[in-house]
Amino acid sequence: MTYELYYWDGIQGRGEFVRLALEDAGADYVDVTREPGRGTGEMMKLMESTFEAHIPFAPPFLKDGDQIISHVANILFYLGPRLGLAPKDEAQRWFANGLQLTITDFIAEVHDTHHPIATSKYYEDQTQEAKARAAEFVTNRIPKFLGYFERVLAQNPDGSGHAVGGAVSYVDLSLFQVIEGLRYAFPKAMRHYEGRYPKLVKLHALVKSRSNIAVYLASPRRLAFNEDGIFRRYPELDIEP
């Protein structure tokens, strides 16, 4: 059965973490809001339903038949075993879920660099606050999170260079997206930091070279980063630590 992914059209956003898993696995899926005749209206109708028992609060969410799964980490926890992108060992699957939830925390902090006051306000309405928030993020939070994930890779008992277990998992794909996004939004900061995290850089290159991912990245399905998504390039926020 074809998976149905619901997310805002025109941006990568949080939906991209799910797309990468579906694309890497060669899964049959549709990006509903990009489908002619369906679009954002269908997504909003489901979210605003007054009779659906399992309504999602916000996208992304996934439909698998009658099952609706919301939240990136929850979706990937569901998809991972089905797509061959999660360890078979239960303890490792829970660890992978914890890693993905940590990525969720990191992405929330990325978002707050350009919207530190309110998502309902334009960036231009909170520029000064954004500069202060971004300075803290670049100086302290980027190395905090990347340092943690570098240790995860180094301390994986399988010695595989992957985040969990001995093969590529959805966590590896998500870490690829994190590095891609940080390079776009904070190129100056990332040039300063990347030498500290060789295992993350190597993992990023490994994921990028995977056959299905390479095809996806070269296709029109992979939207470019832009200033409507989570990772936004505002030069005034990209300081050198």
| query | Looking at Glu23 and Arg221, does any basic side-chain N land under 4.0 Å from a carboxylate oxygen? | reply | yes
| note | Closest heavy-atom pair, Arg133 versus Pro116, reported as atoms and distance to 0.1 Å, is CB-CB, 4.0 Å
| Ring center gap for Phe225 and Tyr184 short of 6.0 angstrom | yes
| message | Please evaluate residues Ile68 and Leu46 with respect to the criterion side chain to side chain contact (heavy atoms under 4.5 Å, CB included), reporting the C-alpha separation (whole Å), side-chain torsions for both, the decisive distance (0.1 Å), and the verdict. | response | CA-CA 10 Å; Ile68 299 175; Leu46 184 54; 4.2 Å; yes
| request: Show your reasoning for whether side chain to side chain contact (heavy atoms under 4.5 Å, CB included) applies to Met47 and Ile55. | output: CA-CA 6 Å; Met47 290 168 55; Ile55 54 172; over 6 Å; no
| task | Could you verify whether a donor N or O on one side chain and an acceptor N or O on the other, from Glu4 and Tyr6, lie under 3.5 Å apart? | result | yes
| Are Val32 and Ile11 in one and the same hydrophobic cluster, where Ile, Leu, Val, Met, Phe, Trp and Tyr link if side-chain heavy atoms are under 4.5 Å apart? | yes
| task | Please answer: with hydrophobic residues joined when any side-chain heavy atoms are less than 4.5 Å apart, are Leu223 and Tyr216 in the same cluster? | result | no
| task | Treat each ILVMFWY residue as a node, draw an edge where side-chain heavy atoms are under 4.5 Å apart, and state whether Phe186 and Tyr193 are in one component. | result | yes
| Rounded to the nearest 0.5 Å, how far does OG1 of Thr50 lie from NZ of Lys45? | 10.5 Å
| said: So, taking the atom named CZ in Arg222 and the one named CD1 in Ile213, what distance separates them when rounded to the nearest 0.5 Å? | reply: 8.5 Å
| query | Would you say Asp105 has more than 12 foreign heavy atoms packed within less than 6.0 Å of its CG? | reply | yes
| note | CD (Glu180) and CG (Leu20) are apart, to the nearest 0.5 Å, by 9.0 Å
| message | Return the CD to NZ distance between Glu109 and Lys144, rounded to the nearest 0.5 Å. | response | 10.5 Å
| Given the side-chain rings of Tyr123 and His114, with only the six-membered ring counted for Trp, is the space between their centroids under 6.0 Å? | no
| field | Salt-bridge contact Arg191-Glu240 (side-chain N to carboxylate O under 4.0 Å) | value | no
| message | Could you report the tightest heavy-atom contact between Ala96 and Val164, atom names first, then the distance? | response | CB-CG1, 3.9 Å
| query | Rounded to the nearest 0.5 Å, what separation is found between the CZ atom of Phe95 and the OG atom of Ser169? | reply | 10.0 Å
| is_close_aromatic(Phe137, Phe106), centroid dist under 6.0 Å | yes
| Just checking, Arg19 and Phe17: is the charged tip under 6.0 Å from the six-membered ring centre and within 45° of the axis? | no
| task | Report yes or no: do Leu85 and Leu217 belong to one cluster of Ile/Leu/Val/Met/Phe/Trp/Tyr joined by side chain heavy-atom distances under 4.5 Å? | result | yes
| query | Can any side-chain N or O of Ser209 pair as donor or acceptor with the backbone N or O of Leu206 at less than 3.5 Å? | reply | yes
| What is the minimum heavy-atom distance between Arg34 and Asp9, and which atoms define it? | CG-OD1, 3.2 Å
| field | Whether Gln100 side chain and Phe77 backbone form a donor-acceptor pair below 3.5 Å | value | no
| Centroid-centroid under 6.0 Å between Phe61 and Tyr7 rings | no
| message | How about NE2 on His204, more than 12 heavy atoms from neighbouring residues, nucleotides or ligands closer than 6.0 Å, or not? | response | yes
| Spacing of CG belonging to Leu146 relative to CD1 belonging to Ile179, to within rounding of 0.5 Å | 5.0 Å
| said: Under a plain distance cut-off of 3.5 Å, with no hydrogens placed, do Glu42 and Thr33 share a side-chain donor-acceptor pair? | reply: no
| said: Is there a path of hydrophobic side-chain contacts, each under 4.5 Å between heavy atoms, that joins Tyr78 and Trp94? | reply: yes
